[in-house]
Number of protein chains: 2
Amino acid sequence: MITVVIVEDVKEIREGLQLLIDGSEGFSCKQAFSTAEEAIEKLPVIYPDVVLMDINLPGINGIEAVRKLKSRCKKTQFIMSTVYEDDESIFESLKAGASGYLLKKTAPVKILDSISEVYNGGSPMSSQIARKVIASFQQKNSIDDSELLTLREKEILKSLAKGLRYKEIAAELNIGLETVRTHTRNIYEKLQVQSRTEAINKIMGQ
Amino acid sequence: MITVVIVEDVKEIREGLQLLIDGSEGFSCKQAFSTAEEAIEKLPVIYPDVVLMDINLPGINGIEAVRKLKSRCKKTQFIMSTVYEDDESIFESLKAGASGYLLKKTAPVKILDSISEVYNGGSPMSSQIARKVIASFQQKNSIDDSELLTLREKEILKSLAKGLRYKEIAAELNIGLETVRTHTRNIYEKLQVQSRTEAINKIMGQ
DNA sequence: TGCACAATCCCCAAAAAAGGGGATATACGA
DNA sequence: TCGTATATCCCCTTTTTTGGGGATTGTGCA
């Protein structure tokens, strides 16, 4: 039995979804809210398996609601519900903690399928959205890609990023403390920064 | 016309793919390699639109090959080709820079579809893989999730992560330098670390 | 041959960070 | 009301980092 909560401001859609879910084998609609504020307050108590969250809500929107709720309901999966396949807001929703989305025009059977799929560890999405998602996590331009730094400097920077002290780096690489310092100074010079954290942020791509 | 290169060690599959692609309207197979080493050497010269890369290659595997090639062929899209839908290696491929994958048993028409889709900015993938991908980029914003730190401490830690100096943080938050120091000490105490970088690594989740 | 560059080391000094000890005010709950 | 937690500030000290000036060796290229 998958427990579901609906957050949707339009009465007809909200009640339609509720009827669909409660009328289907294996699904139970615990509650339906019409505002994000109400959901934020009461959801942690209900703690359902899946939430169908409308993106365009009056007041706090669905994306913000997910952001606030995901940290308090770690096992709850959020599915965003939207009229248009707006890449940007879907992408933002996923960043905020949603696991999938569905269009409001989706056929009832497909809605139930999506809920099951999300409940079972999947994340149905179009291939365009998928590309945006993977692009965003590939963007960790690794230290190794830098053409600016020499091999040794990259090694040093990796150790700096680990949080090692100069003397620890020196020991690890079997070189003198002063050598570590020289490399560090050259790295800072090349990256135009004044501290370890700035260097890491710059090369890792904030 | 989409230009394609194949990297596949099994002769029959390689030649089959080549025939399929060259025999289809709008596709051109520029070359087919049997090893990653050869591909790594010659691909930057050919610079095709799409590469079909086998994951299980003798010597350097397909994932490593993508890692090395993606930085040099930024506009080339890589599609991984594999026998089993092995979540872990597909996920690793995407991290390395691939844009999609397809199973070897896929029907020829579907293969061409996938190439087109990837060429046109999509990333076809199963919903299970999609979940792993979004999970990996969601866990970036985790400072706020910490139950251990107070609100103020989280603010301070965010500023520390930006690379600001104590005096800059003090100015930003309109508090004294000593207050910043106190918070920092409490943060380090709670996280059981001894430096800024360690704290950032710990809370951001290495 | 000579020059640039990478990697190694050294000295001096100042700035910043980290560790130790405190203090005060406020708010919140047992 | 008392204790606890949070946020604010101050002192002293040591360690670490950063910035400036060097130097030497080897390698590879013009």
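Proteins get letters first, then strands, A, B, ... in listed order; numbering begins at 1 in each. Scope of the values below: all heavy atoms of this structure, side chains included, with no hydrogens, waters or symmetry mates.
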Looking at five pairs on each end of the helix from C/dT1-D/dA30 to C/dA30-D/dT1, what is the angle between the two axes, given to 10 degrees? 40°
Quick one: A/L151 CG to C/dA7 P, roughly how many Å, whole number? 7 Å
Given atom CG of A/L160 and atom P of C/dA17, what is their separation to the nearest angstrom? 15 Å
Is the closest basic N to carboxylate O distance between B/K202 and B/E198 below 4.0 Å? no
Proximity to DNA chain C (any heavy atom under 4.0 Å), residues of residues 179-195 of chain B only: B/R181, B/R185, B/Y188, B/Q194, B/S195
A/R196 CZ to C/dA18 P: how many Å, rounded? 9 Å
Hey, are A/S34 and A/E8 close enough side-chain-wise for a donor-acceptor pair under 3.5 Å? no
How far apart are the C-alpha atoms of A/K162 and A/E168, what are their side-chain angles, what is the distance that settles it, and do they pass the salt bridge (Lys or Arg N to Asp or Glu O under 4.0 Å) test? CA-CA 11 Å; A/K162 278 195 251 169; A/E168 292 174 314; over 6 Å; no
Would you call B/T35 and B/L57 a side-chain contact if the rule is heavy atoms closer than 4.5 Å? no
Compare side-chain N and O positions of A/R165 against OP1 and OP2 of D/dT16 and report whether any pair is under 4.0 Å apart. yes
A/I40 and A/I60, any side-chain heavy atoms less than 4.5 Å apart: yes
Which listed nucleotide (C/dC9, D/dT18, D/dA7) is nearest to the side chain of B/T150? D/dA7
Can you see if the side chain of A/Y166 gets near the phosphate of D/dT18 - specifically, an N or O under 4.0 Å from OP1 or OP2? yes
Charged N to carboxylate O under 4.0 angstrom, A/R181 versus A/E178? yes
Expressed in angstrom and rounded to an integer, what is the separation of B/I175 atom CD1 from D/dC10 atom C1'? 15 Å
Checking B/K42 against B/E38 for the salt bridge (Lys or Arg N to Asp or Glu O under 4.0 Å) test, could you report, in this order, the C-alpha distance in whole Å, the side-chain angles of both residues, the deciding distance, and whether it holds? CA-CA 6 Å; B/K42 294 175 184 163; B/E38 215 182 334; 3.8 Å; yes
Is it the case that the side chains of A/D86 and A/S89 hold a donor-acceptor pair, with the cut-off being a distance below 3.5 Å and no angle test? yes
Closest-nucleotide mapping onto DNA chain D: is B/L177 or A/T197 further toward the 5' terminus? I mean the 5' end. B/L177
Rounded to whole Å, the CD1-C1' distance (B/I169 to C/dA17) equals 11 Å
For A/K167 and D/dT15, give me the distance from atom NZ to atom P, rounded to whole Å. 8 Å
Between the CG atom in B/L191 and the CD1 atom in B/I203, the distance rounded to the nearest 0.5 Å is 5.0 Å
Separation of D/dA7 P from B/I156 CD1 (nearest whole Å): 9 Å
Separation of A/E178 atom CD from D/dG19 atom P, in whole Å? 14 Å
